[in-house]
Colleague: 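What follows is a single structure, and I will ask about it in a moment.
Here the structure is a predicted model, which is why all the values come from computation and not from measurement. These values consider heavy atoms only, across backbone and side chains, with no hydrogens, waters or symmetry-generated copies. The chains referred to below are lettered A, B, ... by the order of the sequence lines, with proteins before strands, and numbering in each begins at 1.
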Amino acid sequence: MAEVIKAPRGTRDILGEEVFLWQRLEEVVRKYALLFGYEEIRTPIFEHTELFTRGVGEETDIVQKEMYTFTDKGGRSLTLRPEGTAPVVRAYLEHGFSVHEPRVKWYYIGPMFRYERPQAGRMRQFHQFGFEALGFGEPACDAEIIHLAWMIYQELGLLDLSLEVNSIGCPLCRPRYIARLREYLAPLEDRLCENCRRRLVSNPLRVLDCKVESCQEVFGEATFPKIQDFLCDACRKHERELFTLLENLRIPFAVNHRLVRGLDYYTRTVFEIKVRHLGAQDAVGGGGRYDGLSQALGGPDVPGVGFASGMERIVLLLEKTTQPSFPFRVYLAPQDEAGEGVLLSLSRELVACGIPFHLDFATKSLKYHLKHAQRMRIRFVVIVGESERTRGVFALKDLASGEQVSLPLSELLARLRKERELC
RNA sequence: GUGAGCGUAGCUCAACUGGUCAGAGCACUGGACUGUGGAUCCAGGAGUUGGGGGUUCAAGUCCCCUCGCUCACCCCA
């Protein structure tokens, strides 16, 4: 056992009972996608590196230190996708949707990759589902995206959700706020952490959500300028309408003046949904409006709004609240080689009836089969040995009650069909 | 990238201040019960105690390095 190869750092296998939780999550996502009219899009796992440097932003942590970038044999620089929005917008532009069908609603489910130190709720390969509405500039669409996220979380039974919303303006008004923020922070610079002093130059908005205590104190003071006072008329109107719509949808939210996002493409609406009991990585989903992304990727001016959700984090929560449900199956336990033949034939009938089964073989004792069936959480076992064969019947044992009956084929199938319905 | 804690059988963990300490339970396989599970009992397989080096008469136990895991910072989903 000296040198077994293990899964790479930050990756893991999803198997056993946990798989049922993932399937449940995916079911709910697809259900709401259908209900809200979002169609699935599947984009490549890797893209040209440039898509992310231009789309996500050169200055972001994702681009600067978290990307899995490699050169292929043709000398191209490629990157394992660290997020889903830029690829979706790329596909939208590449296929000419901006011309022939400018308003689309899409969703995706799949793995993303970021080179980070693994931690609770943070993996190097992780999974997200996300919704994107391209071509929609209306605040109602922001509301729909948030509504959609909220509904999915509700359906999954996630408790203690909190929604925080903010606007980070647009290229018209944001520079004025940033200038004012710099002005305000300049005399307080010595109270800021080292990181923030650097951000003051490179990306002042990020100073707002710094978690260092000394920086928090600076913003605890009422005098710090809030972006809401600097929004242009259009951005202000957009924000107000969104708030009204969220109230009408009865989705509770809090305005967090210091919520900014780590990706450069956001404009106006940004939001984050957090949940308690998740440890340090408590953001279960987040998103916002990205009206500038299309142009950053060389396309026309196309508005867009969307959100993405971390699936590992949701599964972590589901593990605490949800019992995994096991599918109905029948265990086929042959007692000898001839019995294997009979059960193999039976499996054809089961397939025709749509009854799932697990066939094991006669090299094992009946004791083994019964134990094994129980461990697999299978309730019904069909046994075929010599005595069944000579009588032309199947023994059906119910492990829950211990009851066992001998039935001919037609009755066996009828009984199993009935049990499947009940289950 | 930074910090802290931890690495003993597939899993969960024992082994007092270094001295029969390489163990137990669960799981697995077989048997008691020659075709009947969840209980009990017995037996068995499986670990160069993550790897390497050092201190010592003696190291799972102390020191150093390395790898890995976990949590946190950071960042984000």
Side-chain angles (χ1 to χ4, degrees), chain A residues 1-12 16 56 60-66 81-85 109-130 149 153 193-196 199 203 206 209-213 259-263 270-275 278-288 306-317 331 333-336 339 362-389 395-404:
Chain A
M1 190 81 69
E3 287 295 317
V4 277
I5 298 172
K6 291 186 287 190
R9 185 166 167 78
T11 70
R12 57 190 216 96
V56 177
T60 60
D61 281 17
I62 290 179
V63 168
Q64 287 197 344
K65 47 191 193 195
E66 294 175 3
R81 63 181 185 194
E83 59 97 47
T85 303
I109 300 178
M112 306 292 165
F113 307 83
R114 292 184 198 172
Y115 189 87
E116 298 184 274
R117 286 285 282 270
Q119 185 179 332
R122 191 173 79 183
M123 300 293 284
R124 289 182 174 181
Q125 176 175 168
F126 62 105
H127 297 77
Q128 288 187 333
F129 67 84
Y153 296 149
C193 70
E194 198 183 323
N195 233 330
C196 284
R199 287 178 178 137
N203 195 353
R206 302 291 299 164
D209 70 346
C210 181
K211 281 147 198 111
V212 175
E213 211 171 307
L259 176 66
V260 294
R261 310 237 75 214
L263 290 71
V270 293
F271 66 92
E272 197 163 277
I273 298 174
K274 290 184 186 170
V275 66
L278 251 194
Q281 307 300 320
D282 61 353
V284 76
F307 90 104
S309 194
M311 297 175 74
E312 275 78 1
R313 292 179 187 181
I314 293 175
V315 169
L316 240 35
L317 295 166
Y331 189 105
Q335 291 311 291
D336 48 28
T363 47
K364 292 293 182 182
S365 65
L366 181 57
K367 187 188 184 109
Y368 165 88
H369 289 310
L370 293 173
K371 269 189 169 174
H372 199 217
Q374 185 181 311
R375 192 155 26 96
M376 293 175 75
R377 318 276 187 116
I378 294 177
R379 182 172 162 188
F380 293 98
V381 180
V382 175
I383 304 160
V384 174
E386 196 184 344
S387 72
E388 284 79 19
R389 276 202 316 285
L396 176 66
K397 186 175 176 76
D398 177 348
L399 290 184
S401 65
E403 166 219 20
Q404 183 169 327

Colleague: With rounding to whole Å, what would you report as the distance between U17(B) and U12(B) at their P atoms?
Modeller: 24 Å
Colleague: Tell me, for nucleotides 32-42 of chain B in 5' to 3' order, what letter each nucleotide earns: B for a base near a protein heavy atom under 4.0 Å, S for only sugar-phosphate near one, - for neither?
Modeller: ---BBBB----
Colleague: With a non-hydrogen cut-off below 4.0 angstrom, is Arg122(A) in contact with a base, only sugar-phosphate, or nothing?
Modeller: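 Base contact.
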Colleague: The side chain of Arg375(A) is closest to which nucleotide in this list: C73(B), C28(B), A77(B)?
Modeller: C28(B)
Colleague: Let me confirm one number: the CD-CZ distance from Gln128(A) to Arg81(A), rounded to the nearest 0.5 Å.
Modeller: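 Answer rounded to 0.5 Å: 9.0 Å.
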Colleague: Heavy atoms, side chains only, cut-off 4.5 Å: are Val381(A) and His369(A) in contact?
Modeller: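 No, too far: nothing below the 4.5 Å cut-off.
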Colleague: Take Ala7(A) and Gly310(A), find for each the nucleotide of RNA chain B with the closest heavy atom, and name the residue whose nucleotide sits nearer the 5' end.
Modeller: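 Nearest nucleotide further toward 5': that of Ala7(A).
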Colleague: Quick one: does Asp398(A)'s side chain get under 4.5 Å of Phe380(A)'s, heavy atoms only?
Modeller: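 When only atoms from C-beta onward are counted, Phe380(A) and Asp398(A) do touch, with a gap below 4.5 Å.
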Colleague: Give the stems involving RNA chain B, where a stem is 3 or more consecutive Watson-Crick or G-U wobble pairs (i with j, i+1 with j-1, and so on) under 3.5 Å.
Modeller: B:1-7 with B:67-73, B:10-13 with B:23-26, B:28-32 with B:40-44, B:50-54 with B:62-66
Colleague: Enumerate donor-acceptor pairs with a distance under 3.5 Å from any side-chain N or O in residues 306-315 of chain A to protein atoms, sequence neighbours excluded.
Modeller:
unit_1: Ser309(A); atom_1: OG; unit_2: Tyr153(A); atom_2: OH; d: 2.5
unit_1: Ser309(A); atom_1: OG; unit_2: Val284(A); atom_2: O; d: 2.8
unit_1: Glu312(A); atom_1: OE1; unit_2: His127(A); atom_2: N; d: 2.8
unit_1: Glu312(A); atom_1: OE2; unit_2: His127(A); atom_2: N; d: 3.3
unit_1: Glu312(A); atom_1: OE2; unit_2: His127(A); atom_2: ND1; d: 2.8
unit_1: Arg313(A); atom_1: NE; unit_2: Gly121(A); atom_2: O; d: 2.8
unit_1: Arg313(A); atom_1: NH1; unit_2: Ala283(A); atom_2: O; d: 2.7
unit_1: Arg313(A); atom_1: NH2; unit_2: Gly121(A); atom_2: O; d: 3.1
unit_1: Arg313(A); atom_1: NH2; unit_2: Gln281(A); atom_2: OE1; d: 3.3

Colleague: In whole angstrom, what separates Ile273(A)'s CD1 from A77(B)'s P?
Modeller: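 Interatomic distance, CD1 of Ile273(A) to P of A77(B): 12 Å.
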Colleague: So what does Gly130(A) hit on the nucleic acid, given a heavy-atom distance under 4.0 Å: a base, only sugar-phosphate, or nothing?
Modeller: nothing
Colleague: Filter on salt bridge (Lys or Arg N to Asp or Glu O under 4.0 Å), then keep only pairs touching residues 362-375 of chain A, sequence neighbours left out; what's left?
Modeller: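 Applying salt bridge (Lys or Arg N to Asp or Glu O under 4.0 Å) to every pair that reaches into residues 362-375 of chain A, excluding sequence neighbours, yields nothing.
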Colleague: Given G68(B), A77(B), C73(B), which nucleotide is nearest the side-chain atoms of Ala283(A)?
Modeller: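 Side chain of Ala283(A) sits closest to A77(B).
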Colleague: Give the rounded distance in Å between these two atoms: CZ of Arg313(A) and P of C71(B).
Modeller: 12 Å
Colleague: Extract from the structure each pairing of a protein N or O with an N or O of nucleotides 2-6 of chain B at less than 3.5 Å, listing the distance.
Modeller:
unit_1: U2(B); atom_1: O4; unit_2: Arg117(A); atom_2: NH1; d: 3.0
unit_1: U2(B); atom_1: O4; unit_2: Arg117(A); atom_2: NH2; d: 3.4
unit_1: G3(B); atom_1: O6; unit_2: Arg117(A); atom_2: NH2; d: 3.2

Colleague: Between A77(B) atom P and Glu116(A) atom CD, what is the distance in whole Å?
Modeller: 10 Å
Colleague: Pick the P atom in G23(B) and in C16(B), then give their distance to the nearest Å.
Modeller: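 Comparing P positions in G23(B) and C16(B) gives a spacing of 15 Å.
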Colleague: To the nearest 0.5 angstrom, please state how far the CZ atom of Arg122(A) sits from the CZ atom of Arg114(A).
Modeller: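 If we round to the nearest 0.5 Å, Arg122(A):CZ and Arg114(A):CZ are 10.0 Å apart.
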Colleague: Would you mind classifying the nucleic acid contact of Tyr368(A) as base, sugar-phosphate or nothing, using non-hydrogen atoms under 4.0 angstrom?
Modeller: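 Contact class for Tyr368(A): sugar-phosphate only.
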Colleague: Rounded off to whole Å, could you give me the CZ-to-P distance for the Arg9(A) and C67(B) pair?
Modeller: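 Those two atoms, CZ and P, are 10 Å apart.
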Colleague: Does a nitrogen or oxygen in the side chain of Gln119(A) sit under 4.0 Å from OP1 or OP2 of C73(B)?
Modeller: yes
Colleague: Provide, to the nearest angstrom, the distance between the CD atom belonging to Gln281(A) and the C1' atom belonging to C73(B).
Modeller: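 Computing the Gln281(A):CD to C73(B):C1' distance gives 10 Å.
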Colleague: For Arg124(A), what residues pass the side chain to side chain donor-acceptor pair (under 3.5 Å) criterion, not counting sequence neighbours?
Modeller: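 Partners of Arg124(A) under the side chain to side chain donor-acceptor pair (under 3.5 Å) test: none.
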